[in-house]
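Quick notes on the structure that follows.
Quick note on labels: first sequence line is chain A, next is B, and so on, each numbered from 1. If you're wondering where the values come from, they're calculated on a predicted model, not measured in any experiment. The basis for the numbers below is simple: all heavy atoms, side chains too, and nothing from hydrogens, waters or symmetry mates.
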Amino acid sequence: MSQNVPKKQACFPIRVVMEMTNLTARQIRYYEEQGLIKPKRNEGNQRMFSLEDVERFHLIRSYIEKGVNIAGIKAILATSESEETKRD
DNA sequence: TTTCTTACA
DNA sequence: TGTAAGGA
């Protein structure tokens with residue numbers, strides 16, 4: 001069994017994210033392509049999804065299920081991120 | 001074996 | 001959104 005040696009942060013391949021978000025690889029790659037999320041890339045050019053990325057996919061998925069399109073989600077995500085840094 | 005990109009339906 | 005081809 002391959003044990004976990006000192007890991008930096010938890011990142012998962014697209015196949016794990018698919019299970020966690022219940023999305024298809026197509027959707028995950030497509031949403032990222034649309035700028036809904038920006039996962040990191042490893043040496044193999046593979047997407048490295050962290051917990052934060054998975055959580056954001058949950059939000060994206062909820063909007064898709066609500067009937068929101070990419071443009072709408074982009075606006076919502078942009079607003080949410082702005083709210084975080086906006087406080088006044 | 002798994003993931004990636006591009007393209008078409 | 002699903003699937004195919006070709007490559008890493």
Nucleotide by nucleotide, nucleotides 3-8 of chain C touches protein heavy atoms under 4.0 Å in the pattern (B base, S sugar-phosphate only, - none) B-----
Can you find a pair of side-chain heavy atoms, one from A/Leu23 and one from A/Ile60, that are under 4.5 Å apart? no
Examine distances only and state if a side-chain atom of A/His58 and a backbone atom of A/Asp53 form a donor-acceptor pair shorter than 3.5 Å. no
How close or far is atom [atom2] of [N] from atom [atom1] of [X], stated in whole angstroms?
X: A/Gln27; N: C/dG2; atom1: CD; atom2: P; answer: 6 Å
X: A/Lys40; N: B/dC4; atom1: NZ; atom2: C1'; answer: 19 Å
X: A/Asn22; N: C/dT1; atom1: CG; atom2: C1'; answer: 15 Å
X: A/Asn42; N: B/dT3; atom1: CG; atom2: P; answer: 12 Å
X: A/Glu33; N: B/dC4; atom1: CD; atom2: P; answer: 12 Å
X: A/Tyr30; N: B/dA7; atom1: OH; atom2: C1'; answer: 14 Å
X: A/Glu32; N: C/dT1; atom1: CD; atom2: P; answer: 15 Å
X: A/Asn45; N: B/dC4; atom1: CG; atom2: P; answer: 8 Å

Look at the side chain of A/Arg15 and decide which nucleotide, out of B/dT2, C/dT1, B/dC4, has an atom nearest to it. B/dT2
Applying the ring pair (Phe, Tyr, Trp, His ring centres under 6.0 Å) test to A/Phe57, which of A/Phe12, A/Phe49, A/Tyr63 qualifies? A/Phe49
Counting only Watson-Crick and G-U wobble pairs with both atom distances below 3.5 Å, the stems of 3 or more consecutive pairs that include DNA chain B are B:4-9 with C:1-6
If you look at every heavy atom in A/Arg56 and A/Leu36, which pair is closest and at what distance? CD-O, 3.5 Å
Nearest atoms (heavy-atom pairs only) where A/Met48 meets A/Arg41: CG-C, 4.2 Å
OP1 or OP2 of B/dC4 under 4.0 Å from side-chain N/O of A/Arg29: yes
Shared ILVMFWY cluster between A/Ile37 and A/Ile76, side chains joined below 4.5 angstrom? yes
Salt-bridge present (A/Glu32, A/Lys38; N to O < 4.0 Å): no
Carboxylate-amine/guanidinium proximity below 4.0 Å for A/Arg29 and A/Glu33: no
Taking atom CD as the centre, does A/Gln34 end up with more than 12 heavy-atom neighbours from other residues, nucleotides or ligands that are less than 6.0 angstrom away? yes
